[in-house]
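Note on naming: letters A, B, ... go to the chains in the order of the sequence lines (proteins, then strands), and numbering restarts at 1 for each one. Please read all numbers here as calculations on a predicted model, not as lab measurements.
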Protein chains: 2
Amino acid sequence: MTNPTKRRPGRPGRPKKPVLRADLLSVARGAFAELGYSGASMNEIAGRAGIRKPSLFHHFVTKEALYIEAVGAALAPLGGLVAEAAMGTDGFWERLDLLGELVVDYLGGHPDTARLLVREVLDRGPFLNDGGQGVVRSILDGVGAFLEQGMDEGVFARGDSRHLTLSIIGVHLFYFSADPLSGAQISHSVFHPEEVESRKRAVVAHVRALVGTPGV
Amino acid sequence: MTNPTKRRPGRPGRPKKPVLRADLLSVARGAFAELGYSGASMNEIAGRAGIRKPSLFHHFVTKEALYIEAVGAALAPLGGLVAEAAMGTDGFWERLDLLGELVVDYLGGHPDTARLLVREVLDRGPFLNDGGQGVVRSILDGVGAFLEQGMDEGVFARGDSRHLTLSIIGVHLFYFSADPLSGAQISHSVFHPEEVESRKRAVVAHVRALVGTPGV
DNA sequence: GTCTATACATCGATAGAC
DNA sequence: GTCTATCGATGTATAGAC
């Protein structure tokens with residue numbers, strides 16, 4: 001065991017360049033989005049980041065802690081967008097369009113987010129109920145409250161805001177989470193800036209049409 | 001080892017009542033929908049079915065084979081619905097409404113299906129490209145072709161059928177795959193017959209609104 | 001057709017050298 | 001802060017008794 005003459009290859013030592021915590025979170029986000037929580041192992045994530053598994057455990061005490069921190073950072077901005085739109089001073093339709101554009105920009109600019117969010121919903125993960133007072137549920141409730149607000153103002157027909165909210169969220173999330181299925185017929189990825197602009201125009205029109213639906 | 005006098009508890013033997021293959025597939029479907037492919041172990045599935053792991057391997061040579069057979073049976077009927085609607089002789093709007101109602105009825109009547117299908121898309125599983133000539137892709141293409149047909153007939157404004165198709169599918173799938181998030185504000189599950197009827201009315205109205213969207 | 005027992009890989013997580 | 005080495009549990013899959 002304690003044989004100082006026999007040196008094994010790849011002996012430990014001082015790291016040339018310690019990896020940044022933010023880089024680890026980014027890599028983890030990609031792995032969780034691609035493989036899911038169960039499918040993404042700590043060994044896989046560490047390998048993608050260029051370090052070994054125990055080094056990853058040095059930065060995050062458990063796999064769950066890594067997941068919560070990685071996904072939480074990706075989801076938080078979405079709640080902010082909804083809250084901003086609901087508190088705006090413009091007319092309802094202007095705020096509705098703006099919210100749609102901001103969400104598409106965000107999901108289109110951060111390719112892991114929609115996939116992560118949908119996985120979280122399917123898995124009934126920690127962000128549905130507890131983690132940070134339920135980020136996912138707050139996003140959902142925020143959209144619902146925003147739509148109720150428009151109904152209260154008499155801007156559009158009163159309908160079932162719950163069905164409307166879930167349909168709108170479905171329109172937003174499925175498209176970006178289903179890549180490359182969504183982009184099967186186009187030349188470049190759905191996350192290409194040009195395609196994000198195209199989707200943005202479509203979503204704004206679609207959401208306007210949905211919200212204009214007579215109550216059912 | 002070979003001690004005939006010492007009998008262990010729970011020794012093997014003839015099964016009282018052999019489990020049916022269809023029951024195993026049903027149980028596996030539920031487990032894959034709930035836990036995902038990686039999260040659902042053969043041990044877990046066997047346990048839910050009331051047998052042991054090696055007995056499950058006797059019916060299905062690998063975990064992947066079990067998954068493919070279980071999910072394939074759940075997805076196939078959806079493709080049939082789309083194909084039927086596209087070939088109908090009624091007017092376009094009638095066929096559009098009927099397709100929406102049939103799909104909601106199917107997804108609402110088979111609680112695992114939407115969740116399985118969305119997981120398959122997120123995982124880029126075997127049904128996206130190969131398994132049975134790409135069931136998922138054929139469903140997507142079928143809806144797109146149906147919409148193009150309506151445009152060709154001049155029934156509604158020509159728009160981007162790709163965006164339209166993906167938005168409509170998002171409306172259908174997210175709602176049922178996000179249970180119980182979708183049913184957070186209602187008293188009973190989204191799969192309760194009464195709630196399925198409610199969703200059906202909403203979806204028909206939403207899809208009509210989406211399809212009536214001016215081209216973008 | 002079901003079982004016990006087991007092979008072998010990988011899982012999350014830890015110990016301790018450097 | 002990174003590493004090698006290892007732990008115990010669990011993963012897929014198999015052998016062979018009944």
Side-chain angles (χ1 to χ4, degrees), chain A residues 1-25 27-28 31-32 34-71 123 125-126, chain B residues 1-25 27-28 31-32 34-71 123 125-126:
Chain A
M1 272 306 207
T2 55
N3 187 344
T5 65
K6 197 170 207 170
R7 302 206 129 238
R8 283 72 143 278
R11 198 71 171 289
R14 286 256 98 91
K16 320 283 183 187
K17 185 170 61 78
V19 290
L20 295 172
R21 189 180 176 84
D23 293 336
L24 294 177
L25 287 171
V27 168
F32 285 131
E34 185 179 335
L35 306 166
Y37 181 79
S38 304
S41 72
M42 292 298 269
N43 198 36
E44 168 72 23
I45 296 170
R48 290 188 182 198
I51 60 176
R52 300 289 184 177
K53 184 170 52 168
S55 307
L56 184 55
F57 272 106
H58 173 79
H59 293 277
F60 306 93
V61 285
T62 61
K63 180 184 180 180
E64 189 178 359
L66 169 58
Y67 174 79
I68 289 179
E69 192 166 338
V71 180
D123 291 341
Chain B
M1 274 303 209
T2 54
N3 188 343
T5 65
K6 198 171 208 169
R7 300 206 129 238
R8 283 73 145 278
R11 199 68 172 289
R14 287 254 97 92
K16 320 282 182 188
K17 181 172 64 78
V19 290
L20 295 173
R21 188 181 177 86
D23 294 335
L24 295 177
L25 288 171
V27 167
F32 285 131
E34 185 179 334
L35 306 167
Y37 181 79
S38 305
S41 71
M42 293 297 270
N43 198 35
E44 167 73 22
I45 296 170
R48 290 187 182 198
I51 59 175
R52 301 289 183 179
K53 186 170 48 167
S55 307
L56 184 55
F57 272 106
H58 173 78
H59 294 276
F60 306 93
V61 285
T62 61
K63 180 183 178 179
E64 190 179 358
L66 170 58
Y67 174 80
I68 289 179
E69 192 165 338
V71 180
D123 290 342

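- Position along DNA chain D of the nearest nucleotide to A:H58 versus A:K53 favours A:H58 as the more 5'-ward residue.
- The CG atom of A:L24 sits 12 Å away from the C1' atom of D:dT2 (whole-angstrom rounding).
- Residues B:E69 and B:H59 fail the side-chain proximity criterion, which asks for heavy atoms closer than 4.5 Å.
- Atom NZ of A:K63 is separated from atom P of D:dA9 by 19 Å (rounded to the nearest Å).
- Side-chain atoms of B:R48 and B:E34, non-hydrogen and from C-beta on, do get closer than 4.5 Å to each other.
- Closest to the B:P54 side chain, of the nucleotides D:dC3, C:dG12, D:dT14, is D:dT14.
- At whole-Å resolution of the value, OH in A:Y37 and C1' in C:dG12 are 9 Å apart.
- With D:dA13, C:dG12, D:dT2 as the candidates, the nucleotide lying closest to the side chain of A:S55 is D:dT2.
- The interatomic distance linking A:N43 (CG) with D:dG11 (P) rounds to 18 Å, in whole Å.
- One interatomic measurement links the two molecules: CG of B:L35 to P of D:dT10, which rounds to 15 Å at whole-angstrom precision.
- A:F32 and A:Y37 have parallel rings, their planes meeting at less than 30° on a 0 to 90° scale where 60° marks the start of perpendicular.
- Proximity of a side-chain donor or acceptor of A:K63 to a complementary backbone N or O of A:A40 within less than 3.5 Å is detected.
- A:H59 places its NE2 atom 12 Å from the C1' atom of D:dC3, with the value rounded to the nearest Å.
- Nucleotide D:dG11 holds its C1' atom 14 Å from the CG atom of B:L56, rounded to whole Å.
- If you take CG on B:L56 and CG on B:L66, they are separated by 5.5 Å, rounding to the nearest 0.5 Å.
- Rounded to an integer number of Å, the gap from B:M42 CE to D:dG11 C1' is 11 Å.
- Of the candidates D:dT2, C:dA13, C:dC3, C:dC3 carries the atom nearest the B:I51 side chain, counting heavy atoms from C-beta on.
- Across the interface with DNA chain C, nearest-nucleotide mapping of B:R52 and A:E64 shows B:R52 to be the residue nearer the 5′ end.
- Taking side-chain N and O atoms only, A:S41 has no distance below 4.0 Å to OP1 or OP2 of C:dT10.
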